[in-house]
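Below: the structure, in structure tokens.
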Amino acid sequence: MLNTLGGGISETYVDIKKYKKGAVINVWAAGVSSELFKVVLHNNQLTLFSVLHHPDNPEMAAPMFNRTFILPPQVDLSRIEAVHEDGQLQVKLPYFEGTQQPREIEIKKL
């Protein structure tokens, strides 16, 4: 808790990379275990946060970090995945299949 900014929220490094089939959000937070991370999707808002609970009093907690992202419409919300490995949280945001391909719309005669 000594390495905190702005009243208890620690500074983490967040990187977003965009690819043809989707995007990836990488969060580096040294010393933060996967159990402390939370990834919450509500409508098209993705919130990543971590809360440190006091070992003797689970109701007492302090925020470690909190980031919210507005997801673009091409992200397939049903296929979002989160993986934690070696102090890094990686959230994969796949795009809908075929969103990059133009298609001709048939004009119907009435």
Side-chain angles (χ1 to χ4, degrees):
M1 295 304 284
L2 296 176
N3 184 18
T4 59
L5 299 173
I9 299 175
S10 64
E11 188 65 28
T12 57
Y13 178 72
V14 177
D15 180 48
I16 302 171
K17 295 200 185 288
K18 295 180 183 177
Y19 301 99
K20 286 183 180 182
K21 293 188 176 189
V24 177
I25 300 172
N26 291 302
V27 179
W28 285 271
V32 179
S33 68
S34 61
E35 294 83 23
L36 298 177
F37 279 105
K38 299 293 180 203
V39 179
V40 178
L41 176 65
H42 180 68
N43 295 328
N44 68 328
Q45 280 192 341
L46 184 72
T47 302
L48 312 176
F49 65 94
S50 179
V51 176
L52 181 63
H53 292 277
H54 191 276
D56 298 329
N57 185 356
E59 293 179 10
M60 192 173 174
M64 294 175 69
F65 71 89
N66 184 2
R67 293 286 303 263
T68 300
F69 303 91
I70 305 296
L71 300 179
Q74 67 264 34
V75 172
D76 186 348
L77 302 179
S78 66
R79 296 189 314 143
I80 294 175
E81 295 180 347
V83 178
H84 183 267
E85 184 178 9
D86 298 327
Q88 175 184 346
L89 175 67
Q90 186 177 73
V91 181
K92 299 175 183 179
L93 308 170
Y95 295 150
F96 284 106
E97 298 291 326
T99 57
Q100 303 299 326
Q101 304 286 331
R103 71 178 180 97
E104 185 175 345
I105 308 296
E106 178 186 346
I107 300 172
K108 296 180 181 179
K109 294 181 183 176
L110 299 178

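One finds the OG atom of S34 at 11.0 Å from the CD atom of E85 (value rounded to the nearest 0.5 Å). To the nearest 0.5 Å, the span separating CG on L46 from CG on L93 amounts to 6.5 Å. Taking OG1 from T68 and CG from L48, the interatomic distance works out to 7.5 Å, rounded to the nearest 0.5 Å. Interatomic distance, Y19 OH to K17 NZ, rounded to the nearest 0.5 Å: 5.5 Å. I107 contributes atom CD1, which lies 11.5 Å from atom CG of L110 (distance to the nearest 0.5 angstrom). Considering CZ of F65 and CG of L36, their distance stands at 9.5 Å, rounded to 0.5 Å.
Distance alone, capped at 3.5 Å, is enough to place a donor-acceptor pair between the R79 side chain and the Y95 backbone. At distances below 3.5 Å, not a single donor-acceptor pair connects side-chain atoms of N43 with backbone N or O atoms of Q45.
Residues satisfying the side chain to side chain donor-acceptor pair (under 3.5 Å) criterion with Q88, sequence neighbours excluded, are N26, W28.
I80 pairs with exactly one of V39, I25, V75 by the side chain to side chain contact (heavy atoms under 4.5 Å, CB included) rule, that one being V75.
Side-chain contact between V24 and V91 is absent, with no heavy atoms from C-beta onward closer than 4.5 Å.
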- Item | side chain to side chain contact (heavy atoms under 4.5 Å, CB included) evaluation trace for V14 with F69 | CA-CA 11 Å; V14 177; F69 303 91; 3.8 Å; yes

- Would you check, one step at a time, whether the test side chain to side chain contact (heavy atoms under 4.5 Å, CB included) holds for F49 with V40? CA-CA 8 Å; F49 65 94; V40 178; 3.7 Å; yes

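Taking all atoms of both residues into account, the shortest heavy-atom contact from A82 to L89 is CB-CD1, 4.3 Å.
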